[in-house]
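The block underneath contains the structure these notes are about, expressed in structure tokens.
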Amino acid sequence: MSGSPRTRVIRVDPDRPDPSALDEAAEILTRKGLVAFATETVYGLGAIATEPDAVARIFAAKGRPAINPLIVHVAGIDQARVCVSGWPDEASVLASRFWPGPLTMVLPRSTLIPDVVTAGRSTVGLRCPAEKVALGLIERCGRPLAAPSANRSNRISPTRAEHVLADLDGRVDLILDSGPTALGLESTVLDLSGASPHLLRPGPIAIAEIEAALGGSRVTALSAGAAAERPLSPGQLAIHYAPRTPAYRIDSTGELAGLPASLDPLALILVGPAEAPDTDRARACFVLESPATASRRLYDVLHHCDAMQPAGIVVVMPPDRPEWLAVRDRLIRATRPLADRGTTDDLFK
Ligand code: AMP
Ligand code: MG
């Protein structure tokens with residue numbers, strides 16, 4: 001935005017954040033400004049959730065469609081309970097087990113939460129983040145913070161302050177830079193407003209862990225493809241979290257030999273326990289072997305590949321197994337099957 005003042009960046013120690021930096025950030029938020037800060041998942045773009053004007057600025061800064069609800073970040077269970085009109089036993093159990101941490105629970109909202117936050121829905125997504133910077137900010141504001149990922153809509157989520165600055169410079173008042181995020185992938189989103197728990201977005205907390213905490217209750221879930229066809233939640237849309245470079249997925253390194261020359265020079269990302277192929281076609285090749293490494297580094301690697309401006313990004317997918325669910329979900333939304341090339345290139349423009 002021409003004429004906008006540039007965004008300020010303040011470095012803070014993630015383990016012992018400087019109280020004066022947090023005070024300053026809280027003051028900006030209280031004046032209805034926007035502050036980007038790290039959570040353990042990705043960087044969030046925060047505004048005070050109970051101030052509709054401030055929340056509207058998040059949508060403007062991100063270019064986020066008004067139909068996409070925001071996650072509300074709370075300092076703990078007490079603050080969560082005032083945001084909802086009902087707090088079922090399952091919420092109690094899951095909050096005690098997984099908060100602070102990367103689990104978002106969707107529950108019927110109270111009148112405290114304005115329409116703009118929930119995109120007019122009768123439910124609100126709530127989570128208590130684990131990071132000291134995030135918790136310190138919420139506590140200082142004394143009110144919950146609405147905070148989606150701090151990126152332009154449909155772009156790759158930021159796991160470093162540099163990613164936020166590259167995408168949102170001039171559109172946010174302050175970035176608190178506390179280094180790379182610990183987990184690197186967005187929270188697990190679980191809908192508890194229906195008859196039984198339903199997974200809306202896979203994430204760092206696995207379905208099996210939720211089922212175990214709930215004493216064996218079944219959590220329902222749709223595959224990424226099925227969810228994209230009938231999304232219950234905007235995070236399930238097919239094109240989401242996507243790089244700007246045309247990005248394609250294949251299932252094995254064996255398919256590399258058949259890649260068209262039009263994708264050269266390409267950036268290659270091998271996800272899962274695959275051996276790096278012997279190819280001179282890749283300008284860069286990244287190997288993300290385990291689910292934990294892939295979660296932590298995937299967005300950073302995608303940002304990096306995009307910045308290199310190759311003709312194409314090609315991802316070799318990890319196996320379709322439960323431990324890879326969240327990473328596969330994001331990759332499916334960030335890429336197209338190679339077979340669809342040509343018919344869908346325009347979607348990336
Ligand atoms: P982001 O904040 O960018 O990580 O995206 C948050 C995602 O959480 C949204 O895109 C939705 O998919 C989901 N979400 C948040 N609140 C709700 C809600 N009230 N109902 C359903 N899904 C929600
Ligand atoms: Mg997002």
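Whatever order the structure lists them in is the order used to number ligands and atoms, beginning at 1. In this text, all values refer to a predicted model and were calculated from it rather than measured experimentally. Residues take their numbers from the sequence shown, with the count starting at 1.
When each atom of ligand 1 is checked for a heavy atom of Arg201 under 4.0 Å away, the hits are 1 (P), 4 (O), 5 (O), 6 (C), 7 (C). Remark: ligand 1 atoms within the under-4.0 Å shell around heavy atoms of Pro69 are 9 (C), 14 (N), 15 (C), 16 (N), 17 (C), 18 (C), 23 (C). Each of the following atoms of ligand 1 lies closer than 4.0 Å to a heavy atom of Leu200: 21 (C), 22 (N).
In terms of polar-atom proximity, defined here as any N/O pair under 3.5 Å, Ser149 does make such a contact with ligand 1. For Thr123, a nitrogen or oxygen atom sits less than 3.5 Å from a nitrogen or oxygen atom of ligand 1, counting backbone and side chain alike.
Side-chain polar atoms of Ser187 and Thr104 form a donor-acceptor pair below 3.5 angstrom. For the 3.5 Å distance criterion, the side chains of Arg249 and Thr335 qualify, holding a donor opposite an acceptor. Using modelled atom types, one finds no donor on one side chain facing an acceptor on the other under 3.5 Å when comparing Asp300 with Thr159. Side chains of Arg64 and Asn68: a donor on one and an acceptor on the other come within 3.5 Å.
Counting backbone and side-chain atoms alike, Ser157 contributes no N/O/S atom closer than 2.8 Å to the Mg ion (ligand 2).
Within the set Asn68, Val117, Thr39, Leu126, the minimum heavy-atom distance to atom 10 (O) of ligand 1 is found for Asn68. Across the listed options Arg127, Arg64, Glu186, Arg64 owns the non-hydrogen atom lying nearest to atom 3 (O) of ligand 1.
Arg109 does not count as a contact of ligand 1, since none of its heavy atoms falls under 4.0 Å from the ligand. Within the 4.0 Å heavy-atom shell around ligand 1 one does not find Thr118.
With hydrogens and angles disregarded, no donor-acceptor distance shorter than 3.5 Å links the side chain of Asp115 to the backbone of Gly120.
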| said: With salt bridge (charged side-chain N to carboxylate O under 4.0 Å, His left out) as the criterion, how do Glu211 and Arg218 come out once you've worked through the C-alpha distance, each side chain's angles and the decisive distance to 0.1 Å? | reply: CA-CA 6 Å; Glu211 289 180 336; Arg218 288 268 307 142; 3.5 Å; yes

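No side-chain heavy atom of Thr41 sits less than 4.5 Å from a side-chain heavy atom of Leu185.
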